[in-house]
Amino acid sequence: QVQLVESGGGLVQAGGSLRLSCAASGRTFSSYAMGWFRQAPGKERDFVAAISWSGSGTYYADSVKGRFTISRDNAKNTVYLQMNSLKPEDTAVYYCAADYRGLGTRRENQYKYWGQGTQVTVSS
């Protein structure tokens, strides 16, 4: 069982930055791939970024590539999403998720554990 708690969301102006954190409980965190997804009002939840268990593999949605960076600290059981050059269209609830397979994937249905989400609002 893995429990995930996101933090770091908030209100920021376009062009600004935020860093999201996702703290995980459980001794097996270091073996899980982690992902970030987001859901804007009235839209489906979309893939944002993923990272393999070791951190050696990272994957990004085209819409955030070059602006967002996913990383992890297995000693702290935490995964991060650094978001730079934010745009109003990045406004959404951001969720972190854990996949026991470990390699990282864009596929939402591969993730077994989910956090409650943190709101990110980017004003124009």
Side-chain angles (χ1 to χ4, degrees):
Q1 185 80 8
V2 176
Q3 293 184 327
L4 305 172
V5 179
E6 303 96 335
S7 62
L11 174 64
V12 64
Q13 288 188 333
S17 298
L18 281 175
R19 187 197 197 198
L20 304 184
S21 299
C22 174
S25 65
R27 294 174 294 177
T28 57
F29 171 80
S30 60
S31 67
Y32 281 68
M34 300 297 295
W36 285 97
F37 291 77
R38 66 186 182 186
Q39 187 168 23
K43 296 187 177 181
E44 294 185 349
R45 189 157 57 185
D46 291 330
F47 169 77
V48 175
I51 188 167
S52 65
W53 69 272
S54 66
S56 62
T58 56
Y59 313 90
Y60 296 94
D62 288 343
S63 59
V64 307
K65 201 170 294 184
R67 299 188 298 123
F68 290 11
T69 303
I70 189 171
S71 62
R72 66 188 298 159
D73 185 338
N74 287 343
K76 296 182 178 180
N77 278 16
T78 302
V79 63
Y80 305 98
L81 186 68
Q82 178 66 44
M83 306 187 295
N84 298 329
S85 302
L86 282 161
K87 305 175 181 180
E89 51 263 45
D90 294 319
T91 294
V93 177
Y94 283 70
Y95 299 89
C96 70
D99 172 19
Y100 70 90
R101 293 169 183 83
L103 297 180
T105 177
R106 302 167 186 266
R107 298 173 62 180
E108 182 176 343
N109 61 5
Q110 299 270 23
Y111 291 86
K112 182 175 181 180
Y113 301 106
W114 291 83
Q116 293 300 305
T118 186
Q119 176 71 46
V120 172
T121 303
V122 185
S123 63
S124 58

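What you see is a predicted model; the values in this text were computed from it and never measured.
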To the nearest 0.5 Å, atom OG1 of T118 lies from atom CZ of R38 at 14.0 Å
Taken to the nearest 0.5 Å, the spacing of Y60 OH from I51 CD1 works out to 7.0 Å
Q. Can Y59 be reached from V79 by stepping across I, L, V, M, F, W or Y side chains whose heavy atoms are under 4.5 Å apart?
A. no
Any side-chain heavy-atom pair of E6 and L20 under 4.5 Å = no
Backbone N/O of Y113 and side chain of Y100: donor-acceptor pair under 3.5 Å = no
Taken to the nearest 0.5 Å, the spacing of S56 OG from L103 CG works out to 9.0 Å
Taken to the nearest 0.5 Å, the spacing of S124 OG from K87 NZ works out to 14.0 Å
Less than 4.5 Å apart, side chain to side chain, heavy atoms only: is that true for L4 and M34? yes
inquiry  = Under 4.0 Å between a side-chain nitrogen and a carboxylate oxygen: does that hold for D62 and K65?
reply    = yes
What verdict does the side-chain contact (heavy atoms from CB on, under 4.5 Å) test give for L86 and F68, after you've listed the backbone C-alpha separation in whole Å, the side-chain angles of each residue and the deciding distance to 0.1 Å? CA-CA 9 Å; L86 282 161; F68 290 11; 3.8 Å; yes
Between Q110 and T105 the two heavy atoms that sit nearest each other are CB-CG2, 3.6 Å
Q39 atom CD, over 12 foreign heavy atoms within 6.0 Å
yes
### Query
Taking the side chain as C-beta and beyond, is there a heavy-atom pair between S21 and K76 under 4.5 Å?
no
* To do: Treat each ILVMFWY residue as a node, draw an edge where side-chain heavy atoms are under 4.5 Å apart, and state whether I70 and F29 are in one component.
  => yes
d(S30 OG, R72 CZ) to nearest 0.5 Å is 7.5 Å
In this structure, CD of Q119 is separated from OG1 of T91 (nearest 0.5 Å) by 7.0 Å
R19 charged N/C atom sitting above Y80 aromatic ring, 6.0 Å / 45°:
yes
Hydrophobic cluster membership, V120 vs V93, 4.5 Å side-chain cutoff: no
Smallest heavy-atom separation, P88 atom then A14 atom, equals CD-CB, 4.1 Å
Is there side-chain contact between R67 and D90, with heavy atoms separated by less than 4.5 Å? yes
### Task
Assess whether atom CD of Q3 is packed by more than 12 heavy atoms of other residues, nucleotides or ligands within 6.0 Å.
no
Of W114, Y111, W36, the one forming a side chain to side chain contact (heavy atoms under 4.5 Å, CB included) with Y95 is W114
According to a 4.5 Å side-chain heavy-atom criterion applied to Ile, Leu, Val, Met, Phe, Trp and Tyr, with indirect links allowed, do F47 and Y94 form part of one hydrophobic cluster?
no
